[in-house]
Every structure is written in C-alpha cells, then in structure tokens.
Amino acid sequence: MISNWNGTADRAPRKPSAPMTYGLIALCCLIFAIGPASGLNPAYGTGDELLAAQRTYFRHWGVVPAELFQDAPGQALTPATALFVHGSWIHLLGNMLFLYVFGAMTEERMGRVEFTLFYVGCGYLALLGYAAANAGSGQSLVGASGAISAVLGAFLYLFPRARVTSLLPFLFFLPLRFPAWVVLPFWAALQWVAAGRAAQGPGVAYLAHLVGFGLGLLYAWARFGRTTRVKSAPVPAPEGENQP
C-alpha cells in the first residue's frame, strides 16, 4: 500500500542521517543472501535438500512458540535473532522498503543508539507477544515486521502530518498523497482485520505487527511527549514501492 512519503520544511531539503537504519537494512540483506532462503548459496544444495535446509534454518534462528516458553537453552534469544531472518525475497524486500522509508526520519529524531535499542527491543516484544498468543504453535516465525511496525507507530506520533504517497488497489493503484495520521492508522486497521481472520497459526504474523505498532506509538508518546512532537517532516522522502 505505502510507497513513499514527502515532508515539508522551511529550510532546504536534505537526506536524514540514518546510519543505523541503513546498517540494519544491509545486515538483513547480507544474512538473507548467505542463508538458504535466498537460493544463492550453493552450500545448501537444491530441491528437497534446499527445502530441508530452510526448515532447519528457520527453526534454529526463528521463534517457535511451542518451544519458546520451555526450558530449552537459547530459546529466549530467538525473538532477537528472528528479526534478522526472512523467509523469501518478497518478505525481505517488503520489510526493508518500509524500514528504508520510515526508519531514517525516526532514527534522526531518536538518535542512533536509542533508535537501535528501540528497534530491537520493540521487535523482540512484538514476537514475544505473538508467541504468547500462539503458545501451542510449532511453526517457525521469522522477520523484522514487528520491529518495523514499531517504527511505523513511532513515526505516526512524531510526524503525523508527513505526506505519505499510497498505492491503493481498489483505486487502480493510483498514487495518492495523504498525511501519516490517515495512512498509518488505516494500515493498522488492515492488520487488525487480517489478524482476526488468521485462525491458522503463523502465516503472516499480523498480531506481531499490531503489538509492534502499539509499542512504537506508546514509546514515542512516553519518550517525547506532546511538547516535542514534530508536526511536519523536515526532509523529502525516498522513492520506493511496497509489496502487498
């Protein structure tokens, strides 16, 4: 739905300084490229051998709700490691696009260290919340969606009037610009509806999206308060497209 956003300011446009955002994107891409899901690493073989390697890889580094709350060593770390593992090219590119578009301004507002801790902490709690709600599931859960949803929540609070260019399928994918306070709550509502229909365990972890979004919004409200709220984004947005 979301493709890019544009902000306005009195001073000349400039790109935000966001080394951690770009570093997170690079790290996720690197991990994906050398892992079995990309299909680029010949060490994992092909065909059934590759599929078996993918299942083992996701189970090792991802969150398995049925195992997370047991006493198995290392399971407590999986909500953190799962943030850097993605299941397919579409999964990776969709998440990284959202992080690229919304992460830079949020990082510049928070600062590098705080943003990184915020990203990992909210992502961890989002996956933990999903696992708690699906404690009997034996399927692996991977991806940065919970952390990126937290970035969206923080962005909504910090930059509610930033202009977001959206591609709406029911309007023939015409690019339309709306403020963030319209687009992001609409996105959250879609996640809520989808989560209510997801009766069969982890396919897409919509609940993790909602938990992350709520955590990000609450953190920005508690951390920055009303007196430091930014009502317009001070830099233009990067161009991009979002996967459905």
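Heads up: numbering here begins at 1 and tracks the sequence.
Taking CD of Glu108 as the reference point, atom CG of Leu158 lies at 12.0 Å (rounded to 0.5 Å). Separating the CE atom in Met20 from the OH atom in Tyr119 is a distance of 10.5 Å, to the nearest 0.5 Å. A distance of 8.0 Å separates CG in Leu152 from OG1 in Thr106, rounded to the nearest 0.5 Å. To the nearest 0.5 angstrom, Asn41 atom CG is 9.5 Å from Leu50 atom CG. How far CG of Leu217 is from OH of Tyr157: 8.5 Å, rounded to the nearest 0.5 Å. Separating the OG atom in Ser17 from the CZ atom in Arg112 is a distance of 4.5 Å, to the nearest 0.5 Å.
In terms of hydrophobic clustering, with Ile, Leu, Val, Met, Phe, Trp and Tyr side chains grouped at heavy-atom distances under 4.5 Å, Leu218 and Leu117 are assigned to different clusters. At a threshold of 4.5 Å between side-chain heavy atoms, the hydrophobic network of Ile, Leu, Val, Met, Phe, Trp and Tyr places Leu77 and Leu125 in two separate groups. Val85 and Ile34 fall into different hydrophobic clusters, defined by Ile, Leu, Val, Met, Phe, Trp and Tyr side-chain heavy atoms under 4.5 Å apart, directly or through other members. Phe98 and Phe155 fall within the same hydrophobic cluster, defined by Ile, Leu, Val, Met, Phe, Trp and Tyr side-chain heavy atoms under 4.5 Å apart, directly or through other members. A chain of hydrophobic side-chain contacts below 4.5 Å, direct or via other Ile, Leu, Val, Met, Phe, Trp or Tyr residues, connects Phe69 to Val211.
The main-chain N or O of His209 is never found under 3.5 Å from a side-chain atom of Ser145 such that the two would form a donor-acceptor pair. Of the possible polar contacts, none joining the Thr56 side chain to the Ala53 backbone as a donor-acceptor pair under 3.5 Å is found. Judged by distance alone, the side chain of Ser149 and the main-chain N or O of Phe213 form no donor-acceptor pair under 3.5 Å.
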Test Leu24 against Leu83 for side chain to side chain contact (heavy atoms under 4.5 Å, CB included), laying out the working first. CA-CA 10 Å; Leu24 287 168; Leu83 294 176; over 6 Å; no
Under the criterion side chain to side chain contact (heavy atoms under 4.5 Å, CB included), I'd like the reasoning laid out for Ile31 against Trp61: C-alpha separation, chi angles, the key distance, then a yes or no. CA-CA 11 Å; Ile31 290 173; Trp61 296 109; over 6 Å; no
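For the 3.5 Å distance criterion, the side chains of Glu107 and Tyr22 fail to qualify, holding no donor opposite an acceptor.
Ring-plane geometry between Tyr57 and Tyr44 is classed as perpendicular, the angle between the planes exceeding 60 degrees on a 0 to 90 degree scale with a lower cut at 30.
Counting heavy atoms from C-beta on, the side chains of Phe32 and Met96 never come closer than 4.5 Å. Contact annotation: the side chain of Arg223 approaches that of Glu114 to within less than 4.5 Å [non-hydrogen atoms, C-beta and beyond]. The closest side-chain heavy-atom distance from Phe58 to Val64 is not below 4.5 Å. Between Leu127 and Thr78 there is no side-chain heavy-atom pair separated by less than 4.5 Å. Using a 4.5 Å cut-off on side-chain heavy atoms (C-beta onward), Phe115 and Arg109 make no contact.
The side chain to side chain contact (heavy atoms under 4.5 Å, CB included) test with Ser140 is passed by exactly one of His60, Glu67, Arg59: Arg59. Of the listed residues (Leu99, Leu30, Leu92), just one forms a side chain to side chain contact (heavy atoms under 4.5 Å, CB included) with Ile25, and that residue is Leu99.
Here the two rings, on Tyr219 and Phe118, have centers that are under 6.0 Å apart.
A pairwise comparison of heavy atoms in Ala82 and Gly62 identifies CB-CA, 3.9 Å as the closest pair.
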